[in-house]
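For reference, the structure discussed in these notes is given below.
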Amino acid sequence: MTAVDWIAALSLAAWAYLLLFNGGFWLTSEREETEREKASAPAAWPRVTAVIPARNEADMLPFSLASLAAQDYPGEFSIVLVDDQSTDGTAEVARSIAANSTREITIINGAPLPSAWTGKVWAMHQGIAAASLSKSKPDYLLLTDADISYASGMLQSLVKSTCSNGRAMTSVMAKLKCQSLAERALVPAFIFFFQMLYPFRWVNRQRAATAAAAGGCMLVDRGALERAGGIAAIRGALIDDCALGKLLKKQGPIWLGLSNNVVSLRDYPKFDDIRRMVARSAYAQLHYSPLLLLGTVVGMAAIYLVPPAFVFFAGFPANVLAGTAYLLMIIAFQPTLRFYNRSPLWGVALPVIAMTYVGFTLDSAYQHKRGRGGLWKGRVQAEVGRQ
């Protein structure tokens with residue numbers, strides 16, 4: 001066999017391994033969602049407080065905050081929203097919603113950001129502190145984002161599943177919008193790549209080392225969080241959800257999955273919008289390491305570019321081996337495409353999509369070098385995470 005044949009064979013072996021041994025990362029979790037919905041109700045419904053950090057989210061709150069206020073939950077449920085130094089009237093919109101709701105909604109004016117904290121974690125810390133000082137301390141905290149909308153029975157489902165399985169945390173990855181051309185092209189792959197890094201089955205297996213969470217929806221056992229040192233234990237984390245998942249998995253079982261009942265309201269109408277979203281934390285995921293960045297670029301090229309390139313430009317048997325690898329790649333992408341109601345033909349474009357994400361990752365490293373790493377709504381936060 002020639003060197004080209006060996007490279008094609010290695011690419012095929014890589015895809016065979018990913019499909020068979022990487023925690024079934026490519027399979028979506030509809031079955032697990034059904035099992036969550038079938039969980040039995042607790043003998044007594046626990047007290048839950050939702051904590052929402054909100055920075056310039058006035059346009060989102062009429063939908064997101066309203067969906068939380070409308071939750072069909074049999075137990076005590078309150079909401080604490082932390083206005084994180086907003087300039088768009090976020091607090092005023094929240095107070096207007098609270099005034100017209102029967103749900104207990106507390107709005108806090110966030111304090112200035114300390115140097116050792118990332119913005120979202122600092123806002124969550126303030127919200128958790130306020131919830132813990134209430135007369136009826138919550139048993140669970142629903143840590144969520146200001147751009148997330150919930151189906152009316154979702155909190156009840158989360159609580160039943162968490163209590164039935166004695167979890168320290170149950171987290172659900174919100175279904176992202178997939179309407180614009182940029183979203184249709186790139187959003188399903190974002191979920192696909194996340195699952196490749198953090199296979200949900202490994203996250204959900206208590207004995208496995210893999211830990212992660214999705215920051216838009218995290219139902220957390222307050223006692224477990226306190227035993228782990230509180231949210232302050234991840235004060236400098238830029239990728240705070242995965243850091244929290246790692247922290248809480250030491251306290252008990254955690255669970256991560258997908259759902260159609262937790263939906264992101266944020267639009268990404270242009271490709272540049274998604275670039276900024278990815279570039280904010282991609283280099284942090286690589287621990288700001290140039291060597292890991294180089295390895296990622298080479299690895300992504302070998303896994304995603306080699307198969308289609310060799311199909312068209314290599315001879316036998318490399319073209320057949322590469323074609324088989326390309327077919328496995330397309331097959332692996334299909335469950336995620338179905339979850340987002342996208343055409344199966346998007347699987348053919350996965351190599352181009354993957355290289356687009358490589359470009360976003362390189363841009364993330366470039367933005368970090370410019371001193372603009374971790375930029376979110378005017379805040380540069382990457383250096384905090386390195387302290």
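Hydrogens, waters and symmetry mates are skipped; everything else that's a heavy atom, side chains included, is used. Quantities reported herein were computed from a predicted structural model and do not represent experimental measurements.
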Under 6.0 Å from the CD atom of Glu226, do we count more than 12 heavy atoms belonging to anything else shown?
->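 Atom CD in Glu226 is packed in, count exceeds 12.
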
So, the side chain of Gln126 versus the backbone of Ala111: is there a donor-acceptor pair under 3.5 Å, distance only?
-> yes

Has the side chain of Ser281 got a donor or acceptor atom that lies under 3.5 Å from a matching backbone atom of Ala284?
->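 The answer is no, because no donor-acceptor pair under 3.5 Å joins these two groups.
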
Is there a side-chain contact between Tyr150 and Leu142, using heavy atoms and a 4.5 Å cut-off?
-> yes

Between Tyr73 and Trp45, does the ring centroid distance fall short of 6.0 Å?
-> yes

May I ask you to check whether Phe194 and Phe190 place their ring centres under 6.0 Å from each other?
-> no

Which atom names give the shortest non-hydrogen contact between Leu68 and Ala50, and what distance separates them?
->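 Heavy-atom minimum between the residues: CD1-CB, 4.2 Å.
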
Heavy-atom closest contact (Leu61 atom, Ala94 atom, distance) =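 Nearest pair, atom of Leu61 first, then Ala94: CD1-CB, 4.0 Å.
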
May I ask you to say whether Arg222 pairs ionically with Asp139, meaning some side-chain N is under 4.0 Å from a carboxylate O?
-> no

When you check the gap from the basic side-chain N to the acidic O, do Asp272 and Arg275 get nearer than 4.0 Å?
-> yes

With rounding to the nearest 0.5 Å, note down the distance linking CG in Leu81 to OG1 in Thr106.
->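 These two atoms lie 10.0 Å from each other.
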
Working to the nearest 0.5 Å, report the span between CG of Asp363 and CZ of Arg276.
->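 That separation rounds to 10.5 Å.
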
Tell me, with the steps shown, if Arg167 and Ser161 meet side-chain hydrogen bond (donor to acceptor under 3.5 Å, both in side chains).
-> CA-CA 8 Å; Arg167 294 181 189 140; Ser161 178; 2.6 Å; yes

Side chains of [X] and [Y]: is there a donor and an acceptor less than 3.5 Å apart?
X	Y	result
Arg184	Ser343	no
Ser64	Ser149	no
Ser78	Thr49	yes

In terms of hydrophobic clusters joined by side-chain contacts under 4.5 Å, are Val48 and Leu158 together?
-> yes

Do you reckon Val298 sits in the same ILVMFWY cluster as Tyr283, going by side-chain contacts under 4.5 Å, direct or chained?
->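 Different clusters: Val298 never reaches Tyr283 through Ile, Leu, Val, Met, Phe, Trp or Tyr contacts under 4.5 Å.
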
Please list every donor-acceptor pair under 3.5 Å in which a side-chain atom of residues 309-330 meets a protein atom from a residue at least two apart or in another chain.
| from | atom 1 | to | atom 2 | distance (Å) |
| --- | --- | --- | --- | --- |
| Thr324 | OG1 | Val320 | O | 2.9 |
| Tyr326 | OH | Val348 | O | 2.5 |

For Tyr304, the option from Phe192, Phe193, Tyr357 that meets ring-ring contact (aromatic ring centres under 6.0 Å, His included) |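 In the set Phe192, Phe193, Tyr357, the residue that makes a ring-ring contact (aromatic ring centres under 6.0 Å, His included) with Tyr304 is Phe193.
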
Sole candidate of Asp145, Asp84, Asp241 that passes salt bridge (Lys or Arg N to Asp or Glu O under 4.0 Å) when paired with Lys120 =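 So the option named by the test is Asp145.
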
